[in-house]
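Notes to accompany the following structure.
So you know, we letter chains A, B, ... as the sequences are listed, proteins then strands, and number each from 1.
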There are 2 protein chains.
Amino acid sequence: MKIKQIKAIKATLDIVCGKWKAAILLVLVDKTLRFSEIKARLPKVNHQTLIKQLKDLERDGLITRTKYDDIPPRVEYTLTEYGKELEQLLKDMMDWGEKHLDLKNKKYIDDDILVKEES
Amino acid sequence: MKIKQIKAIKATLDIVCGKWKAAILLVLVDKTLRFSEIKARLPKVNHQTLIKQLKDLERDGLITRTKYDDIPPRVEYTLTEYGKELEQLLKDMMDWGEKHLDLKNKKYIDDDILVKEES
DNA sequence: CAGCATCCGTTGGGATACTG
DNA sequence: CAGTATCCCAACGGATGCTG
């Protein structure tokens, strides 16, 4: 049943492989965040791009979007159960990457990735 | 150290996220294959595209390319240790995908993915 | 058989401007 | 504050043709 295997893997990869998807999921692992809080933690991401990727993640069931009818508007994003179950997978990718890749020198490191450390 | 975490994850994803990379790795898990054998198992992949993705995987240290000076030419591709250690990760992605995604109906399923079953 | 060079179309990330 | 609507550009997958 190779075909189904590969389809499942590809589907998973397609969901997570957006330029900022992994970063978004990681910052949401800690806690629910507002749009502006996510943006503050990912200073380099474009406003519009962030909205798109959040929409994708919501469509794919990894996060939920809750809108409060306040003024000014407030929107919160939370990991779903599915999203939380991805955490282990992300951790495994991290372990593999740290073990095998030269993260300082290689060209496949994308310096646009920047997350503000917790203050 | 969020930044390093995300960089490692992104680097890993970048390596595996080519359209056919996961499929190539999976068919090579079983055994070393010649270029034409890989192509036979992935009928839908373009000749040139396959060469490119194999080159990427070789550059990133996941497979090794062995050229024999025969006539006609013969080239074999094998998973490296690094590549083999990815297998578990791929399996985990598969499990997650099968558990959470509706692989039949959803639009994120790419029907181009086709692997010939073992005959 | 396996690979390279080249060109092309699509797509996804990004920039800018405007709305409730 | 958060979101929509456009437009733009680079990168990637793919098609074609040629080589040892």
Side-chain angles (χ1 to χ4, degrees), chain A residues 6 10 13-25 27-28 32-60 63-78 107-114, chain B residues 6 10-11 13-24 27-28 32-60 63-78 107-114:
Chain A
I6 294 191
K10 267 295 288 176
L13 284 174
D14 287 349
I15 287 176
V16 177
C17 277
K19 181 163 181 181
W20 298 93
K21 303 255 179 86
I24 294 170
L25 293 173
V27 300
L28 286 180
T32 296
L33 291 178
R34 306 181 50 174
F35 180 85
S36 52
E37 292 172 322
I38 299 175
K39 192 151 169 34
R41 282 168 172 72
L42 305 173
K44 301 256 227 155
V45 68
N46 189 52
H47 179 87
Q48 182 58 19
T49 303
L50 181 54
I51 289 181
K52 273 190 210 165
Q53 308 244 330
L54 286 168
K55 262 186 146 167
D56 287 349
L57 292 173
E58 188 196 6
R59 166 177 53 78
D60 294 331
I63 62 177
T64 50
R65 179 176 170 281
T66 313
K67 179 177 182 177
Y68 300 90
D69 284 329
D70 298 355
I71 292 181
R74 183 161 63 97
V75 179
E76 289 187 345
Y77 294 90
T78 316
K107 56 280 160 198
Y108 42 70
I109 294 304
D110 185 348
D111 272 331
D112 283 351
I113 293 294
L114 236 191
Chain B
I6 294 191
K10 267 295 288 175
L13 283 174
D14 287 349
I15 287 176
V16 178
C17 277
K19 182 163 180 181
W20 298 94
K21 303 257 179 84
I24 294 170
V27 300
L28 286 179
T32 296
L33 292 177
R34 304 181 51 173
F35 179 85
S36 52
E37 293 172 322
I38 299 175
K39 194 151 167 33
R41 282 169 174 71
L42 305 173
K44 300 254 229 157
V45 67
N46 189 52
H47 178 87
Q48 183 59 17
T49 303
L50 181 54
I51 288 181
K52 274 188 208 165
Q53 309 244 329
L54 285 169
K55 260 187 147 168
D56 288 348
L57 292 173
E58 188 196 6
R59 165 176 55 77
D60 294 331
I63 61 176
T64 49
R65 180 176 170 281
T66 313
K67 180 177 181 179
Y68 300 89
D69 284 330
D70 298 355
I71 293 181
R74 184 162 63 97
V75 178
E76 289 187 346
Y77 294 90
T78 315
K107 56 280 162 200
Y108 42 69
I109 293 304
D110 186 347
D111 272 331
D112 284 351
I113 293 293
L114 235 191

*Give the angle between the helix axes at the two ends of the helix from C/dC1-D/dG20 to C/dG20-D/dC1, taking five base pairs at each end and rounding to 10°.*
40°
*Short side-chain N/O contact to D/dA2 OP1/OP2 from A/Arg65, under 4.0 Å*: no
_Please report the distance, rounded to the nearest Å, between CD1 in B/Ile51 and P in D/dG13._
14 Å
_Side-chain heavy-atom pair A/Thr64, A/Tyr77 within 4.5 angstrom cut-off_ = no
*To the nearest angstrom, how far is B/Ile38 atom CD1 from C/dG3 atom C1'?*
14 Å
*Using a cut-off of 4.0 Å on non-hydrogen atoms, how would the nucleic acid contact of B/Tyr68 be classed: base, sugar-phosphate, or nothing?*
nothing
*Atom pair distance, as rounded to whole Å: CG in B/Asp69 and P in C/dG3*: 12 Å
*asked:* In the structure I gave you, are the side-chain heavy atoms of B/Ile63 and B/Thr78 within less than 4.5 Å of one another anywhere?
replied: no
*asked:* Whole angstroms only, please: what is the CG-C1' distance between A/Leu54 and D/dT4?
replied: 15 Å
*Would you say A/Arg34 reaches D/dA2's phosphate, i.e. side-chain N/O to OP1/OP2 under 4.0 Å?*
yes
*Taking the side chain as C-beta and beyond, is there a heavy-atom pair between A/Ile38 and A/Val45 under 4.5 Å?*
no
*If only side-chain N and O atoms of A/Lys55 are considered, is one of them under 4.0 Å from the OP1 or OP2 phosphate oxygen of D/dT4?*
yes
*Separation of atom CG in B/Leu50 from atom P in C/dA2, rounded to whole Å*: 10 Å
*Indicate yes or no for a side-chain donor-acceptor contact from A/Glu58 to the backbone of A/Lys55 under 3.5 Å, with no hydrogens or angles considered.*
no
*Does B/Ile51 have any side chain to side chain contact (heavy atoms under 4.5 Å, CB included) partners at least two apart in sequence or in another chain, and if so, which?*
B/Phe35, B/His47, B/Gln48
*Which atoms form the tightest heavy-atom contact between A/Arg41 and A/Val27, and what is the distance?*
CD-CB, 4.1 Å
*Rounded distance (Å) that lies between atom P of D/dG13 and atom CG of B/Leu42*: 14 Å
*Mark yes or no for whether A/Glu76, through its side chain, and A/Thr66, through its backbone, hold a donor-acceptor pair below 3.5 Å.*
no
*Between atom CG in A/Asp14 and atom P in D/dG13, what is the gap in whole Å?*
12 Å
*Assign a letter to each nucleotide of nucleotides 12-20 of chain C from its 5' end: B, base within under 4.0 Å of a protein heavy atom; S, sugar-phosphate only; -, no contact.*
-BBBB---B
*How long is the line joining CD1 of A/Ile71 and P of D/dG3, in whole Å?*
15 Å
*Can you find a pair of side-chain heavy atoms, one from B/Leu50 and one from B/Ile24, that are under 4.5 Å apart?*
yes
_Check this for me, if you would: do A/Lys10 and A/Asp14 make a salt bridge, where the nitrogen-to-carboxylate-oxygen distance has to be below 4.0 angstrom?_
yes
